[in-house]
Amino acid sequence: MKEVNLKSLAITVVIGLMIWFIPVPEGVKPNAWHLLAIFAATIIGIILKAAPMGSMAMIGMTVCAATQVLAPGDPTQSIKNALSGFGNSTIWLIGLAFFIARGFIKTGLGTRLAYNFIRMFGKSSLGLAFGLNTADLILAPAIPSNTARAGGVIFPIMKSIAVNMGSTPENVESHRKIGSFLTLSSYNANMITSVMFLTATASNPMAQKFAKDLGITITWSSWFMAAVIPGLACFILAPLFLYKFYAPELKKTPDAPRLAAEKLKEMGPVTRQEWLMVATFIILLVLWIFGNLFAVDATTGALIGLSILLLCGVLTWDDVKSEKGAWDTIVWFSSLVMMGSYLNSLGFIGWFGNLVGTKMSTFSWQLAFPIIILVYSYCHYLFASATAQAAAMYSVFLAVGISVGVPGTMLAIFLGACATLMGSLTHYGHGPAPIFFGSTYVDMKDWWKHGFFISVLFLLIWFVIGGLWWKVIGLW
C-alpha cells in the first residue's frame, strides 16, 4: 500500500462515479459517456498521484474490460479492445527509442558529447549554458525520454560544473553564483529540444496519433520542418532572457573548459562501442527523415536500429529487459491511447468538438486559434506531465479548432508543442522538473515566477516567428 494514496484514490473514484451517473447528454452514446468517466478518473488519479501512472493506467484498462464499455454485451471483444493499445506502432516506437537511448548512456557517448561542447563554449556562464543546451539538442532526436536525457546525461554534468565553479547545493548563498542560472537554462532547453523532434519526448507521438485519428497526418519530417524555426528561436533567446533577468553572479568561467578536458582525458579515446553507436544513430536519422523513400516507417526504423545494437553487442538483451522506463511507458501509454482513441471512435470527441465549436462559430479561425492555444497552454498548471495533458485534452482542443476552420496541421503541431513547452511553468510540470528542482539551486518562488515569464516568451515566439514560418511553408 506504500504506492497507493488512499485519500487521492477515494477522490478519484468519487469523481469517476459522479461522471458515470450524470445523465448522458443528448447526442452521446451511453458507453461513450461511461468511457469518459473511466478516462477522466484515470487522468485525475494520475494528477493526484493516487497510485503510480502505470498502476492507474492498468486499473483504467481493467475497468474498461470489466464494464464492457468498449463492446457492450461482448466480453471477448471488450477485452480485445481494451488491449488494443499494445498493437499501436507509435507506442512501440517510443519503447524502442528508450532501448536505443540506453546505448547512448551505456557507451558514454552522450556524456562525451556534452563535455566536448563545454570544452568549446564554456569560457563564460552563458557559453556553458549554450554548450550544455547544444549537447541536449544533439541528443534529442535519439533519446525520446527527455527525463532520461536530462537525468542521465545533462543534469549530472551541469551539477558537476556548478559545484566546481563554487556553487554548491549545500551553500544557499552560492546558488546564484552560477548554479541557479544553469539549472533553469538547462531545464528549459530540455523543454525546447523536446518539441523540435517528433521522437524527442513521449507526448509528441501521442499527439501525432490523436491527430491521425482526426484525419491529420504528421511525419517525423513534417513535425521537424514546422518546429525547427520557432524551436531554434526559443533555443537562442531563452538563455539570453535568463542571463538578463536571472543573471549569474559569475560571468566568466575560464576553468570550465579545463575541467571538461580533464574529464574527456579520463574517458580516453572514443571506443569501438561509441563508434558503433554513432553509426547506428546516423542510420536511424536517415531512416526517420527519409523513411518514405524506402517505404520504412519510423517504428520499423527503430526496430532496425535496436537490432543493429543487439547484433553488435552495444546492448544486450538484459539491457532491454532492465529498461524499466520503456516497459512502464508502453503499459500506461497503451492504456491512455486506447481510451483516447475509443472516445474518438465512439463519437464523444466529435460531439464535444461540435458543441464547443458551435459556441465559437461566430469567431474567425484567426481569433479562435490564439484562444484555443492560450487556454490549452495554461491548463498545464493542473498537470504533472505533457503526456497526461495530451491524453486528457489534446483531441478535444484539436477537434474544436478544426471545427472553426483553424488549419489542422498547424494547430496539431502547436498544441503538441505547448504541452511540453508549458513544463516551464511549475517545478512538477514535466518529468525532468523534479530532477532539476531537486538540486535546490532554484527555490519554488523563483521557479514559478521565471517559469511564467519564459512561458510567455515561448508562446510569443511560436505565435510570431512560428506563424510567419508556417505561412512560408504553406501550413496556413
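Throughout, numbering of the chain's residues begins at 1 and tracks the sequence. Predicted model only: the values in this text are computed from it and were never measured.
With hydrogens and angles ignored, the 3.5 Å screen pairs a side-chain donor or acceptor of Asp319 with a backbone N or O of Thr316. A distance-only check finds a donor-acceptor pair linking the side chain of Ser377 to the backbone of Ile373 [under 3.5 Å]. Without hydrogens or angle criteria, Ser222 side chain to Ile218 main chain gives no donor-acceptor distance under 3.5 Å. A donor-acceptor pair under 3.5 Å is formed between the side chain of Asn133 and the backbone N or O of Ala129. Counting only distance, with no hydrogens or angles, the side chain of Trp220 and the backbone of Leu287 share no donor-acceptor pair below 3.5 Å. Although no hydrogens or angles enter the test, the distance criterion places a donor-acceptor pair under 3.5 Å between the side chain of Gln273 and the main chain of Gly313. Checking side-chain atoms of Trp365 against main-chain N and O of Ile402 turns up no donor-acceptor pair under 3.5 Å. For Ser424 (side chain) and Leu421 (main-chain N/O), a donor-acceptor pair under 3.5 Å exists by modelled atom type. Judged by distance alone, the side chain of Thr199 and the main-chain N or O of Pro141 form a donor-acceptor pair under 3.5 Å. Side chain of Trp469 to backbone of Met225: a donor-acceptor contact under 3.5 angstrom is found.
For Phe348, the ring pair (Phe, Tyr, Trp, His ring centres under 6.0 Å) test picks out Trp351, with sequence neighbours left out. Every residue two or more places apart in sequence or in another chain that forms a ring pair (Phe, Tyr, Trp, His ring centres under 6.0 Å) with Tyr243 is listed here: Phe181. By the ring pair (Phe, Tyr, Trp, His ring centres under 6.0 Å) test, Tyr394 is found to be paired with no residue, residues two or more places apart in sequence or in another chain being considered.
Side-chain contact between Thr271 and Leu109: absent, with no pair of heavy atoms (C-beta onward) separated by less than 4.5 Å. Two residues are said to be in side-chain contact when any heavy atoms from C-beta on lie closer than 4.5 Å; Phe363 and Val404 fail this criterion. No side-chain heavy atom of Ile229 sits less than 4.5 Å from a side-chain heavy atom of Ile473.
The six-membered or imidazole ring of Phe397 lies near that of Tyr376, with a centre-to-centre distance under 6.0 Å. The ring of Phe463 has its center no closer than 6.0 angstrom to the ring center of Trp470.
In summary, of the residues considered (Tyr187, Phe155, Trp447), a ring-ring contact (aromatic ring centres under 6.0 Å, His included) with Phe437 occurs for Trp447 alone.
Within the structure, ring-ring contact (aromatic ring centres under 6.0 Å, His included) pairs that include any residue of residues 32-61 comprise Trp20-His34 (at least two apart or interchain). Counting only residues at least two apart or in different chains, ring-ring contact (aromatic ring centres under 6.0 Å, His included) contacts with residues 192-213 comprise Phe197-Phe224.
A distance of 6.5 Å separates CG of Leu35 from CG of Leu346, quoted to the nearest 0.5 Å. Distance check, rounded to the nearest 0.5 Å: CD of Gln208 to CG of Asp213 gives 10.5 Å. To the nearest 0.5 Å, atom OG1 of residue Thr134 and atom CZ of residue Phe235 are 4.0 Å apart. Separating the CG atom in Asn190 from the CG atom in Asn146 is a distance of 4.5 Å, to the nearest 0.5 Å.
Residues Ser455 and Tyr378 approach most closely at OG-OH, 2.8 Å, considering heavy atoms. Nearest heavy-atom pair across Met206 and Ala390 is SD-CB, 3.8 Å. Closest heavy-atom contact between Leu475 and Ala226: CD1-CB, 3.9 Å. Heavy atoms only, all atoms of each residue included: Ala302 and Ile100 are closest at O-CD1, 3.6 Å. Between Ser125 and Leu182, the shortest heavy-atom distance links the atoms O-CD2, 4.1 Å. In terms of heavy-atom proximity, Val314 sits nearest to Lys106 at O-NZ, 3.4 Å.
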Under 3.5 Å, side-chain donor or acceptor atoms of residues 46-54 against the rest of the protein: list the pairs with distances, not counting sequence neighbours.
none

*Hey, mind stepping through Met338 and Ser334 against side-chain contact (heavy atoms from CB on, under 4.5 Å) and telling me if it holds?*
CA-CA 6 Å; Met338 175 275 293; Ser334 296; over 6 Å; no
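By the 30° and 60° cut-offs, the orientation of the rings of Phe369 relative to Phe414 is perpendicular.
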